[in-house]
Amino acid sequence: TAQHSTLRRAWCATGGHQSCVFSVVMSRADGWASKISGFVSRHPIATAIGVACVAGGVWLASEVLVPDNVFKPEDTVEDEEEEAKLDAQGGQEHAKAVDAVAAAVRKAGVYNRFTRSELLGLYSDWVQEFKSSQLTLVQFTKVFHTMGVQDDRVIRSMFEAWDRDRDGSVDFSELLNAIAITGGGSLEDKLTLCFRAFDLNGDGSVAPAELAHFFKATRAALGKKVVASDIDRRVAQVFTICDANGDGYITEEEFRSAAMRNSFFKPGGLFTDFEEAMKRFL
């Protein structure tokens, strides 16, 4: 073996070094392959977990490094070409806007619901209108006042319903979440948004007066006539359906249970005004 080792070193030094290196590498690769194979056979569960973690890391990296993964494809080839031109000409501000919008989509969890051009247009309007990435209660109130809603208790309740992280402001991701819910979200999401809006004092239950306030506000937002007898009738209907224990209050559990059995959000339903008002605002 000593002679073989000496001959091998001499051959490598006299021109066979590339083949020598290749031989060493292949030898070590075979060794590692054997070790990996042995580990997999002895620890199949650990191997599966490791593969899943690597796959998850690759997916996460692609989401972070390629923002377009979060957007719905553009409607036409022309739209795609226009977006490519904007990317080429938009510069740093355009790139920042794309990053901000992609981050908002991820935070809201509304993947592939909107095209990039739709969201960039909405984001531009948002920044121009409010001069900030976040909407304060004062700004939110002004918007609803222009819609005809003057009941500040209802406006505050709506603001808190939108403010998912309860940080005292509504950011662009929370706007996207509200749009997604009112524009085709699940019944569960709609019920959560609804109940939080009805619960004006935030105590976890809805009294008849709170619901009456809300019905009046949504009809005002839609420019519809507010008739006291009609509001009272609607409130009585809701409590007949939802107040399971008859204590004069509706809990979120009661509201959800009743909503599953009734068509609250179908045309002509008790809460279609709410949904319509939200769509008009958005």
R219 (side chain) donor-acceptor with K225 (main chain) under 3.5 angstrom
yes
For F130 and W126, take the angle between the two ring planes, folded into 0 to 90°, and tell me which bin it lands in: parallel under 30, tilted 30 to 60, perpendicular over 60.
perpendicular
Should F144 and F159 be marked as a side chain to side chain contact (heavy atoms under 4.5 Å, CB included) after you check the CA-CA gap, both sets of side-chain angles, and the distance that decides it?
CA-CA 10 Å; F144 270 84; F159 180 83; over 6 Å; no
Looking at R156 and D152, is there a salt bridge between them, counting it only when a charged N and a carboxylate O are closer than 4.0 Å?
no
Do K107 and D171 sit within salt-bridge range, that is, some charged N less than 4.0 Å from a carboxylate O?
yes
Side chain of Q134, backbone of F172: donor and acceptor closer than 3.5 Å?
no
Hey, quick one: are V235 and V227 part of the same hydrophobic cluster, counting side-chain heavy atoms closer than 4.5 Å, chains of contacts allowed?
no
Y249 versus A207, closest heavy-atom pair with distance:
CE2-CB, 3.7 Å
Identify the residue among T192, L193, N177 that makes a side-chain contact (heavy atoms from CB on, under 4.5 Å) with R164.
N177
Can any side-chain N or O of S157 pair as donor or acceptor with the backbone N or O of A197 at less than 3.5 Å?
yes
Kindly say whether L137 contributes a backbone atom to a donor-acceptor pair with the side chain of S169 at under 3.5 angstrom?
no
For D151 and A217, indicate whether the former's side chain and the latter's backbone hold a donor-acceptor pair under 3.5 Å.
no
Return the minimal non-hydrogen interatomic distance between D243 and G248, and the atom names on each side.
OD2-N, 2.8 Å
Using atom types as modelled and distance alone, determine if a side-chain donor or acceptor of D163 lies under 3.5 Å from a backbone N or O of G168.
yes
For the residue pair F198 and F215, does the interplanar ring angle fall in the parallel (under 30°), tilted (30 to 60°) or perpendicular (over 60°) class?
tilted
Does anything in residues 250-264 form a salt bridge (charged side-chain N to carboxylate O under 4.0 Å, His left out)? List the pairs, not counting sequence neighbours.
E188-R256, E252-R256
Contact between E118 and T115 at the side-chain level, heavy atoms closer than 4.5 Å - yes or no?
yes
Check whether S124 reaches the backbone of L120 with its side chain - one donor and one acceptor, N or O, closer than 3.5 Å.
no
Can a donor-acceptor pair be found, under 3.5 Å and without considering hydrogens, that links the side chain of E160 to the backbone of R196?
no
Restricting to ring pair (Phe, Tyr, Trp, His ring centres under 6.0 Å), what partner residues turn up for F114, sequence neighbours left out?
none
Under the 3.5 angstrom rule, does the side chain of E210 hit a backbone N or O of L200 as a donor-acceptor pair?
yes
Strictly below 4.0 Å, N to O, side chains only: are R233 and D230 in salt-bridge contact?
yes
Can you tell me if D125 uses its side chain to pair, donor with acceptor, with the backbone of E129 under 3.5 Å?
no
For the student: nearest non-hydrogen atoms of A104 and S173, plus distance
O-CB, 3.3 Å
For the residue pair F195 and F255, categorise the inter-ring angle as parallel (less than 30°), tilted (30 to 60°) or perpendicular (more than 60°).
tilted
Contacts of T136 that satisfy side chain to side chain contact (heavy atoms under 4.5 Å, CB included) - sequence neighbours left out
V138, Q139
